[in-house]
Amino acid sequence: MRRSSNQMGPGGVGLWVFKLQTGILILQGSSSSGHAETSKVSNMVEWTEFERATIQDIFSKMDYESVGHNALTRCLVVYPWTQRYFGNFGNLYNAAAIMGNPLVAAHGTVVLHGLDKAVKNMDNIKATYAELSVLHSEKLHVDPDNFRLLADCLTIVVAARLGSGFTPDVQAAFQKFLAVVISALTKQYH
Amino acid sequence: MSLTAKDMSVVKALWGKISSKVDEIGAEALGRMLVVYPQTKTYFSHWADLSPGSAQVKKHGKTIMGAVSDAVSKIDDLPSALSQLSELHASKLRVDPANFKILAHNIIVVTAMLFPADFTPEVHVSLDKFLQNLAWCLAERYR
């Protein structure tokens with residue numbers, strides 16, 4: 001392994017300290033506006049007006065069946081190890097089989113209707129998902145990292161549908177929403 | 001998760017379709033990343049304007065995608081193709097490799113937005129693997 005001379009990049013020590021602080025913020029998994037304090041204030045996620053409106057708007061116009069089907073199909077194709085949870089779904093042999101599989105389509109809809117609960121209870125997602133979290137942990141035994149993979153596929157399907165309407169700010173709001181959902185779904189794992 | 005012959009041909013075919021918009025994809029992906037993942041802004045503290053669409057963002061997005069396009073043309077030997085860039089990233093830029101994944105995600109999002117019909121799940125998996133391999137080669141010299 002080669003290293004060149006011992007120079008600091010631009011910003012030197014300051015940059016490293018900033019990165020460390022940012023890393024800690026990320027590790028804390030704060031889903032709100034990035035406050036680092038662990039304090040007695042409420043644990044609630046804070047949504048801006050824009051974020052609320054964006055989430056309501058996207059989901060109110062969404063075809064849950066189509067988006068659910070496409071997102072789940074994409075997840076099973078792009079991250080094939082996620083197929084481990086669908087052993088009883090029959091033929092998942094290739095992309096075409098997955099896309100045409102009616103059990104996959106049906107389950108995509110189930111997932112989206114589950115998401116709908118969060119859309120309708122944005123100020124209380126953690127409590128709303130307590131039972132679902134237990135289900136995914138105790139009964140379904142889903143590795144929580146897989147939630148992120150499905151969330152990424154959902155983001156991509158929505159992006160493809162909205163095209164230029166999926167602006168950077170809309171993407172940020174959508175991904176924040178999914179991150180909060182994932183956090184709530186992971187909450188009851190132990 | 002190495003690239004199969006199929007992955008290579010899928011990525012090359014995709015590039016054939018998107019080559020006219022490659023600069024736009026780069027600018028859009030970079031701009032988006034700075035908004036959606038604000039921690040990535042730490043690498044650009046020397047820029048005046050980090051907003052999507054700024055001249056610096058556009059120029060740098062084009063630079064990045066130029067390098068990605070070059071890698072596509074040399075897809076059968078990514079380690080040699082990326083050897084110099086790896087040296088640059090390791091010794092001078094020192095971008096945390098976790099960020100390669102973040103940028104890759106945004107490249108994928110923008111590609112899906114601009115080419116929804118072409119970006120099927122099969123194309124998606126090959127592009128995802130390609131970008132992952134590219135990131136791996138880019139980090140090769142880090143330690």
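All figures in this text were calculated on a predicted structure; none of them were measured in a lab.
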Answer yes or no: are there more than 12 heavy-atom neighbours, outside B:Trp15 itself, under 6.0 Å from its atom CH2? yes

B:Met1, part contacting chain A, at a heavy-atom distance under 4.5 Å: side chain

Heavy-atom neighbours of A:Glu65 CD exceed 12 at 6.0 Å: no

Are A:Phe59 and A:Phe50 connected, step by step, through hydrophobic side chains (Ile, Leu, Val, Met, Phe, Trp, Tyr) whose heavy atoms are closer than 4.5 Å? yes

Taking a hydrophobic cluster as the set of Ile, Leu, Val, Met, Phe, Trp and Tyr residues connected by side-chain heavy atoms closer than 4.5 Å, whether directly or through intermediates, do B:Met33 and B:Leu50 fall within one such cluster? yes

Would you indicate whether A:Arg52, at its atom CZ, is surrounded by more than 12 heavy atoms from other residues, nucleotides or ligands within a distance under 6.0 Å? yes

Give the member of B:Pro116, B:Pro52, B:Ser126, B:Ala98 that has the highest number of heavy-atom pairs under 4.5 Å with chain A. B:Pro116

When the 4.5 angstrom heavy-atom criterion is applied to B:Glu28 and chain A, the contacting part is side chain

Just wondering, do A:Gln175 and B:His105 contact through their side chains at under 4.5 Å, heavy atoms? yes

To the nearest 0.5 Å, what is the distance between CG (A:Asp152) and CG (B:Asp128)? 9.0 Å

At a 4.5 Å cut-off on heavy atoms, which part of B:Thr111 comes close to chain A: side chain, backbone, both, or neither? neither

Among A:Cys75, A:Pro168, A:Ala172, A:Gly165, which has the most heavy-atom pairs under 4.5 Å with chain B? A:Pro168

Any side-chain heavy-atom pair from A:Gln171 and B:Asn106 closer than 4.5 angstrom? yes

With the side chain counted from C-beta on, respond yes when A:Tyr79 and B:Val125 share a heavy-atom pair under 4.5 Å apart, and no when they do not. no

Give the member of B:Arg32, B:Met113, B:His124 that has the highest number of heavy-atom pairs under 4.5 Å with chain A. B:Arg32

Side chain, backbone, both or neither: which part of B:Phe119 has a heavy atom under 4.5 Å from chain A? both

Partner chain B: residue of A:Asn94, A:Leu76, A:Val77 with the largest heavy-atom pair count (under 4.5 Å): A:Val77

Out of curiosity, does A:Leu185 fall in the hydrophobic cluster containing A:Tyr189 (side-chain heavy atoms, cut-off under 4.5 Å, transitive links)? yes

Hey, which of B:Leu93, B:Thr120, B:Val110 has the most heavy atom pairs under 4.5 Å with chain A? B:Thr120

